[in-house]
Amino acid sequence: AAGLACGGLKPVVAIYSTFLQRALDQLIHDVALQNLPVMFAVDRGGIVGADGATHQGVFDIAELRSVPNMTLTVASPLDERELRNLLYTALQSGVPFVVRYPRGKGPGTDPGEDFETVEIGRALKRRTGTRTAFLGFGSMTNVLEKAAQNLDGTLWDMRFVKPIDREAVIEAARTHDLIVIAEEGVLAGGAGDAVMEVIAEAGLTTPVLCFGIPDEFIEQGTQAEIYEMLGLTPEAIEAKVVERLAELS
């Protein structure tokens, strides 16, 4: 793909998240270092379930956001049209670009006939609320939506991990009592850390509650079973948020 990009083409590398981590050195030295316009369509980002510990796609966000020249977007399966437009944006960007999306299928939204470019590094505010700001990355945006509705919170579909929407993060931290972040990836070095770095650099002290994959390998099970085990369900997240808000009152 890097060689094709040097020849003036726009290659697309379609690959599972778990397999991309095996090619990280090539991605860094052959693509990112030369700032080549290679698009990575990264499938099965997050919990994959029955394929077991070797195939859980949970390390890509933490690995890729540390690589210079990379643009990294985490697509939500809520809307096939958004995923389609993110893929189109990646192809038109002229830079190394990763579009990461989960295993499974969307709700069947009409993708439309025309392609639209998405503003790179811009989050999408889905709901405006009061005390709590929910910042969702990828599939977890859908999970946070129910909690945001029940608790009258603000909900952002962050979309981009790198470049992260600093304005959205700072707005959330300045106008809410609690920031809740959820991602379907490892917490160590992941999207939540990117958000907290922005908050710290801005000199803000808003409390943050992060949900994601703990520092352990995830074994075999259905996706639903694993989400339940990890506390990545709307009910489990809402309960912890209520508990934290009570502590802050």
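This structure is a prediction, so every number in the text was calculated from the model and none was measured.
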**Q** Are there more than 12 heavy atoms of other residues, nucleotides or ligands under 6.0 Å from atom CD of E235?
**A** yes
**Q** Is there a side-chain contact between C6 and Q34 (heavy atoms, below 4.5 Å)?
**A**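 Of all side-chain heavy-atom pairs linking Q34 with C6, at least one is under 4.5 Å.
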**Q** Quick one: do L187 and I47 end up in the same hydrophobic cluster if we chain Ile, Leu, Val, Met, Phe, Trp and Tyr together by side-chain heavy atoms under 4.5 Å apart?
**A** no
**Q** Passes side-chain contact (heavy atoms from CB on, under 4.5 Å), M158 versus I164? Steps please.
**A** CA-CA 8 Å; M158 292 303 294; I164 196 163; 4.1 Å; yes
**Q** Begin from the C-alpha positions of E184 and Y227 and carry the test side-chain contact (heavy atoms from CB on, under 4.5 Å) through to its verdict.
**A** CA-CA 10 Å; E184 201 171 337; Y227 294 144; 2.9 Å; yes
**Q** Grouping I, L, V, M, F, W and Y whenever their side-chain heavy atoms are under 4.5 Å apart, do L151 and L155 come out in a common cluster?
**A** yes
**Q** For the residue pair P234 and V143, what are the closest heavy atoms and their distance?
**A**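 So the two residues come closest at N-CG1, 3.6 Å.
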**Q** Between R122 and F160, is NZ or CZ placed under 6.0 angstrom from the six-membered ring centre and within 45° of the ring axis?
**A**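 That pair does not qualify as a cation-pi contact.
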**Q** Are side-chain heavy atoms of V48 and Q223 found at a separation under 4.5 Å?
**A**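 Not touching, per the 4.5 Å side-chain cut-off.
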**Q** State whether D60 and R100 are salt-bridged, where the test is any N-O pair (Lys NZ or Arg NE/NH1/NH2 against Asp/Glu carboxylate O) under 4.0 Å.
**A** yes
**Q** Got I179 and L135 here, is their nearest side-chain heavy-atom distance under 4.5 Å?
**A**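 Result yes, sub-4.5 Å side-chain heavy-atom pair found.
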**Q** Atom CD of residue position E167 - does it have more than 12 heavy atoms of other residues, nucleotides or ligands inside 6.0 Å?
**A**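 At most 12 heavy atoms, drawn from other residues, nucleotides or ligands, come within 6.0 Å of this atom.
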**Q** Determine whether E243 and K240 satisfy the following criterion, salt bridge (Lys or Arg N to Asp or Glu O under 4.0 Å), listing intermediate values before the conclusion.
**A** CA-CA 5 Å; E243 181 181 338; K240 286 196 174 183; over 6 Å; no
**Q** Could you report the tightest heavy-atom contact between A5 and P11, atom names first, then the distance?
**A** N-CG, 3.7 Å
**Q** Quick one: closest heavy-atom pair of M70 and P96, and the distance?
**A** SD-CB, 3.5 Å
**Q** Closest approach of A191 and I61, non-hydrogen atoms and distance?
**A**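 That would be N-CG2, 3.8 Å.
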**Q** Check the surroundings of atom CZ in F217: do more than 12 heavy atoms from other residues, nucleotides or ligands lie under 6.0 Å from it?
**A**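 Check fails, neighbour count at 12 or below.
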**Q** Linking I/L/V/M/F/W/Y whenever their side-chain heavy atoms sit closer than 4.5 Å, directly or via other members, would L24 and L72 fall into one cluster?
**A**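 Cluster IDs for L24 and L72 match.
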**Q** So which of T89, V12, L91, L83 actually passes side chain to side chain contact (heavy atoms under 4.5 Å, CB included) with V99?
**A**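 Option passing the side chain to side chain contact (heavy atoms under 4.5 Å, CB included) with V99: L83.
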**Q** Can you name the one residue among V241, T154, T175, L248 that meets side chain to side chain contact (heavy atoms under 4.5 Å, CB included) with R131?
**A** L248
**Q** Out of curiosity, does L9 fall in the hydrophobic cluster containing I15 (side-chain heavy atoms, cut-off under 4.5 Å, transitive links)?
**A** no
**Q** Which heavy atom of E219 sits nearest to which heavy atom of A53, and what is that distance?
**A**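 Of all heavy-atom pairs spanning E219 and A53, the closest is OE1-CB, 4.0 Å.
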**Q** Give the intermediate values and the outcome of side-chain contact (heavy atoms from CB on, under 4.5 Å) for residues V208 and V195.
**A** CA-CA 9 Å; V208 176; V195 171; 5.7 Å; no
**Q** For E228, I'd like to know if atom CD has over 12 heavy atoms of other residues, nucleotides or ligands within 6.0 Å.
**A** no
**Q** Quick check: closest heavy atoms across V31 and A2, and the distance to 0.1 Å?
**A**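 Taking V31 first and A2 second, the nearest heavy atoms are CG2-CB, 4.2 Å.
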**Q** Consider only side-chain heavy atoms of I, L, V, M, F, W and Y, link residues closer than 4.5 Å, and tell whether L4 and F40 are in one cluster.
**A**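 Each belongs to a different hydrophobic cluster.
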**Q** Take D152 and R127 through the test salt bridge (Lys or Arg N to Asp or Glu O under 4.0 Å) and record every step on the way to the result.
**A** CA-CA 9 Å; D152 189 28; R127 189 182 194 282; 3.3 Å; yes
**Q** Evaluate salt bridge (Lys or Arg N to Asp or Glu O under 4.0 Å) for E201 paired with R166, printing each intermediate quantity in order.
**A** CA-CA 10 Å; E201 289 170 3; R166 296 178 60 86; 3.0 Å; yes
**Q** Taking the inter-plane angle between the rings of W156 and H176 on a 0 to 90° scale, is it parallel (under 30°), tilted (30 to 60°) or perpendicular (over 60°)?
**A** perpendicular
**Q** Determine, step by step, whether I226 and Q56 satisfy the side-chain contact (heavy atoms from CB on, under 4.5 Å) criterion, reporting the C-alpha distance in whole Å, the side-chain angles of both residues, the deciding distance to 0.1 Å, and the verdict.
**A** CA-CA 11 Å; I226 295 172; Q56 308 291 2; 3.8 Å; yes
**Q** Is it true that atom NZ of K125 has more than 12 heavy atoms of other residues, nucleotides or ligands lying nearer than 6.0 Å?
**A**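 Enclosed: over 12 neighbouring heavy atoms sit under 6.0 Å from NZ of K125.
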